Amino acid sequence: MREWRVVWSRAVLLSIMQPMTLAELERKVEELRAAWRAALAEVTDAEALEAARIRFLGRKGHLTRLLSSLKEFPPQERPHAGRILNQLKREISQAIEEKGREIEQREWERRLAAERYDFTLPGKWRPLGHLHPLTQVRLEIEDIFMRMGFDVASGPEVEDDYHNFEALNIPEDHPARDEWDSFYIDDTHLLRTHTSPVQIRVMKSRKPPVRIICPGRCYRRDTPDATHSPVFHQVELLWVERGLTMAHLKWIIEEFVRRFFGPGYEMRFSADFFPFTEPSAQVHIRREGGPWLEIMGAGMVDPAVLTEVGYDPEEVTGFAFGLGIERMAMLRWGIEDIRLFYQNDIRFLSQF
Ligand code: PHE
């Protein structure tokens, strides 16, 4: 009884542990090859391909398991067994590589088709900002004078009495001060009422010849209306050199008007008074038969001003003008209310 059991179990064990024969291996390899081909045929994406790879070539994969049975073959059979197993392994690896490329290519083609752009479709409109009309005009004026050889200078908007008035030949009790009704900050400082104080600052810091323009904000205690604003912009021009005359001034202004407004404008100088220029003039322009429009105050720099900054009026002469930027913009575009420039109404601004 006991013997039998032992014999039985040995027989069973022997049959289970019976090493595979070559013929059996060949059959299994063929089965595996067929199984692999069937599996590969089902694969359509990269994920499935990877799953199939793991199933066959993974650490516990079908082929890997078969490969580990190699050592069970007697040495003289091993080369053959190894050959057919490796052959299948190569086949599977190659097929995986090919399939991978194929899937990648198909994915690429799918994306190319899906992401095609139609360049004939109308674009999306994005509102684009632009420079304020006063800035446009200022830059253009700067450009015109820079091409004529003028430097762009600047000075403080909070000025002192000396530069804004006194050095410009406007003493404290002078009636002309009323013309520049000012915002005072303290007893001696004010918001500059014009850009002329920059003349003084520049002349005091340079030797002649001096050829500058100075664009900037100015402040006056004016009640806002269609032609007045408590804040506005001027461009000051100053040229000091030996031998300058009013004729040079006239040419500069004429040339400026021609470059800014175009041809076809007449110009008229009429007598005016500014304490810092002598003679002084008001300049008007008009287009064939139209109304005369004042564009600036101008004049020859007063000898008292030249002396004040340390220049010798016997040596050099100069001229200056003060141009309103708002005035230029209003004339160019036919704008009738200066307040439009400061209201930031997009319906107005978008027209420029
Ligand atoms: N500063 C003067 C004004 O604001 C204009 C001006 C400038 C006049 C230069 C003559 C010369 O009115």
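The first residue of the sequence shown is numbered 1, and numbering continues consecutively from there. Both counts, for ligands and for their atoms, begin at 1 and track the order of listing. All values derive from a computational prediction rather than experimental measurement.
By the rule that hydrophobic residues join a cluster once side-chain heavy atoms approach within less than 4.5 Å of another member, V316 and F276 end up as members of one cluster.
The other members of the hydrophobic cluster of L131, by chain and number, are L139 (side-chain heavy atoms under 4.5 Å, ILVMFWY only).
Using a 3.5 Å distance cut-off with no hydrogens or angles, the side chains of E159 and Y219 do not pair a donor with an acceptor.
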Would you please test M148 and R259 for side-chain contact (heavy atoms from CB on, under 4.5 Å) and show each step? CA-CA 11 Å; M148 291 187 194; R259 293 193 193 182; 4.1 Å; yes
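Residues forming a salt bridge (Lys or Arg N to Asp or Glu O under 4.0 Å) with R206 (at least two apart in sequence, or on another chain): D151.
Within 4.0 Å of ligand 1, contacts by protein heavy atoms are made from W180, H194, S196, Q199, R220, Q234, E236, F274, F276, T277, G297, A298, A320, F321, G322.
Listed by first and then second residue, the ring-ring contact (aromatic ring centres under 6.0 Å, His included) pairs involving residues 107-140 amount to none (not counting sequence neighbours).
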